[in-house]
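What follows is one structure encoded as structure tokens, with my remarks underneath.
Everything numeric in this text was worked out from a predicted model, so none of it was measured. Per chain, numbering begins at 1; letters A, B, ... match sequence-line order. Note that these values count all heavy atoms, side chains included, but never hydrogens, waters or copies made by symmetry.
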2 protein chains.
Amino acid sequence: MNNFNELSIKNQLCFALYACSREINKLYTPILDEINLTYTQYISMLVLWEKDDIAVKDMGDILFLDSGTLTPVIKSLEKKGLVKRNRSTIDERIVNVTLTKEGLELKEKAKDVPAKVYCSVGLDKEDGLELYRLCYKVLDSIKK
Amino acid sequence: MNNFNELSIKNQLCFALYACSREINKLYTPILDEINLTYTQYISMLVLWEKDDIAVKDMGDILFLDSGTLTPVIKSLEKKGLVKRNRSTIDERIVNVTLTKEGLELKEKAKDVPAKVYCSVGLDKEDGLELYRLCYKVLDSIKK
DNA sequence: CTTAATTAAATTGAATACAATTGAATTGTA
DNA sequence: TACAATTCAATTGTATTCAATTTAATTAAG
């Protein structure tokens, strides 16, 4: 296994990442069920808990998602009463998303989610940090 | 950034993996367009190029996908004339997938795909191997 | 042998992703 | 100022992905 430059599925670095990402996603499902969120809804809330009142575009830049994906997710969060969408009066192209009281309160319930997931992931801190570093190296390289 | 156990999107190891996987997937799109395959179709063909005449179940175990995902993918490959589906006579629950002549011939056209993608990924060999190792460490840990 | 349990594939329904397009608003420029 | 180019969100259409269920076949247990 000296390089990935072969048509063997086991040798495919990109496939390993893809499978890994999907398997981790499945770990979230039962944990996020408890707070009635999907993974995409959850990461959208993470952004909002960190920066309330943010444009859809800016959420998309952080999450690497476009409005085609985000618009329906934000609408679903709005339907749950967790966020509100407000078109900017300064620039009417922009829709800003803000947390409701319920949305803010959910943060408390969500605070144990990362720990629960990492328990199942089975990496020690050193490997976790290394994996994180390599993922962002790829992301930065692609973004250029 | 000493741990990932916080509700900050930038600190989320799992998010990094998820974003990384999706961004790499986008790199494949224009490259696989040239041989008229989607990513899911491509990894299915990778399995078949390595082991022709394989049950849907066994493809699924390799790709971490269930029949709900694989059945339509295999049918789309069949429609393109790349594979055939044959129900086993020994055990009629099983559907075996085999390559057609066209499916086998496509392998030659696909052989440069990995190299083209890795050029864009921007990792040297050492980092690539490390990322691969960590992904499979997670996958093995989840699979138990 | 007969029935219960298991297995494999397919189906259904919900939620993503993403490319491409649309429409409205804003910005840049001659 | 006019008008072309750009930007942002939404929409549309296609392809996944997965949980849950269904159907048919096989295996196991009594």
Residue-phosphate contact under 4.0 Å: Tyr39(A) side-chain N/O, dC18(D) OP1/OP2: no
Touch class at under 4.0 angstrom, heavy-atom based, for Ile90(B) against every strand present: sugar-phosphate
Least distance between heavy atoms, Leu27(A) atom then Ile31(A) atom: O-CD1, 3.6 Å
Nearest-angstrom distance from the residue atom CG of Leu65(B) to P of dT16(C): 19 Å
NZ/NE/NH1/NH2 to OD/OE distance under 4.0 Å, Glu78(A) and Arg85(A): yes
Nearest-Å distance for atom pair CG/P, residues Leu32(B) and dA19(C): 13 Å
Test side-chain contact (heavy atoms from CB on, under 4.5 Å) applied to Ser21(B) - qualifying residues, sequence neighbours left out: Tyr18(A), Ser21(A)
Atom-to-atom span, CG of Leu37(B) to P of dT14(D) - whole angstrom: 19 Å
Along DNA chain D (nearest heavy atom to each residue), the more 5'-positioned of Thr89(B) and Arg22(A): Arg22(A)
Euclidean distance, atom CG of residue Asp61(A) to atom P of dT7(D) [Å, nearest integer]: 12 Å
Qualifying ring pair (Phe, Tyr, Trp, His ring centres under 6.0 Å) pairs, either residue in residues 41-91 of chain A, two or more places apart: Tyr28(A)-Tyr42(A)
Salt-bridge criterion met for Lys51(A) and Asp58(A) (N-O under 4.0 Å): no
Whole-Å distance separating the CD1 atom of Ile43(B) from the C1' atom of dT17(D): 11 Å
For atom CG of Leu27(A) and atom P of dA19(D), their distance in whole Å: 11 Å
Footprint string (nucleotides 1-15 of chain C, 5' to 3'): B base within contact, S backbone only, - free, heavy atoms under 4.0 Å: ------BSBBB---S
Nearest-Å distance for atom pair CZ/P, residues Phe64(B) and dT16(D): 19 Å
Single-linkage hydrophobic cluster Ile94(A)~Leu77(A), side-chain heavy atoms < 4.5 angstrom: no
Ion pair check, Glu130(A) and Lys125(A), cut-off under 4.0 Å: no
Integer-rounded Å distance: dT14(D) C1' and Asp33(B) CG: 13 Å
Any strand: nucleotide that pairs with dA9(D) via Watson-Crick or wobble, under 3.5 Å: dT22(C)
